[in-house]
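One-based numbering, in listed order, for ligands and for the atoms of each. Being a predicted model, the structure only gives us computed values, none of them experimental.
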Amino acid sequence: MRKVLLVLCLVVLVSLALVSGVWAKGYTIGMLVKNVGNPFFEACARGGQEACEELGNNFIFQGPATPTVEGQIEIIENFIAQKVDAICVSANDFDALVPVLKKAMASGIKVISFDSAVNPEGRLVHVNQADAEQIGKLQVQAIAEMIGYEGEIAILSAAATMTNQNTWIRYMQEELKDPKYAKMRLAAIVYGDDLRDKSYNEAMGLFKSYPNLKGIISPTTVGVSAAAKAITDAGLIGKVKLTGLGLPSEMAEWVKNGACEAFFLWNPVDLGYLAAYVAGLLCEGTITGKEGETFKAGRLGEYTIRKSGDGGTEVLLGPPFRFDATNIDEWKDVF
Ligand code: RAM
């Protein structure tokens, strides 16, 4: 009887320890995004949480209320004080976070960027959503087809300091140099800062400043849905065409009403999953972030760390998808 009781007590104690995480391997992974309240990053968080659960790690998700560098620095300082084991950051600026991220790394924290890169000096590796050149060029090709290769276009971006948008825009400008776009003109680049109201107002401003505007490219999920709403509200459906990078959940309405025929994106849940997975493997010491290392990222399979365009290293999630009326219903409830 005593033995049975002892065994029972042990079972209860072990269960309690496991439930409370005392014996879990339990690295703490902090995911820091450009700002909270953006459904794109909420989808990344779902993936991050999933990867952490699979690896037995703890997941913290944070971002400033608005997409500022200062807000991100403050959160990184808090992560250092909390002694998290890894930080995955989608950066609001390529260089400005480097000093605080270096401080984090000096205290033993594994730092990676994902989605929007930081300078390689401030990270071990970058988790890249899709080939930047392809993302940039696809959007130019799409808008060109929509407007018949003729007329003024504009870009409605996120914040002027954001690495990912700036890189994609560089490739858009390069693509536009091709003689097949000779009758198209990039009239303006404006910034909605990944804030809904500001993006909407910037789109409305474009209609006023460029009455002959034929198309908008918005390489941000916040911007492209705000632009679609602006096109709709201004009665410009069919007159001003739109493409960009959007969430099917936010764009379904605008594909259906004709404000946006087609747009692009990768799977943000998978992006968050891959970032948190890579962070977990860095904590375990399975990888270090060097070029040529290979690893398996759970349900996503095998990856190889490669050189990135900015002189550091990266892991590439995969090619972007195109969304339009033929497939929007399949995806609108997924992300
Ligand atoms: C917004 C953010 C994010 C970007 C997507 C496409 O949600 O700017 O960084 O990757 O758009």
**Report entry** Ion pair check, K332 and E253, cut-off under 4.0 Å
**Finding:** no
Query raised in the report: Using 4.0 Å as the upper bound for N to carboxylate O, is an ion pair formed by E50 and R299?
Result: yes
Query raised in the report: With no hydrogens and no angle check, do the side chains of N257 and T232 hold a donor and an acceptor under 3.5 Å apart?
Result: yes
Query raised in the report: Thinking salt bridges, do K198 and E202 make one under a 4.0 Å N-O criterion?
Result: yes
**Report entry** D178 and K137 ion-paired at < 4.0 Å
**Finding:** no
Ligand 1 polar-atom proximity to protein (N/O, under 3.5 Å):
unit_1	atom_1	unit_2	atom_2	d
ligand 1	7 (O)	N38	ND2	2.9
ligand 1	7 (O)	T221	OG1	2.6
ligand 1	8 (O)	K34	NZ	2.9
ligand 1	8 (O)	Q165	NE2	2.9
ligand 1	8 (O)	D194	OD2	2.6
ligand 1	9 (O)	K34	NZ	2.8
ligand 1	9 (O)	D115	OD1	3.4
ligand 1	9 (O)	D115	OD2	2.5
ligand 1	9 (O)	N164	ND2	3.0
ligand 1	10 (O)	D115	OD1	2.6
ligand 1	10 (O)	N164	ND2	3.4
ligand 1	11 (O)	T221	N	2.9
ligand 1	11 (O)	T221	OG1	3.4

Query - Ring-ring centroid check F263 W254, cutoff 6.0 Å - result: no
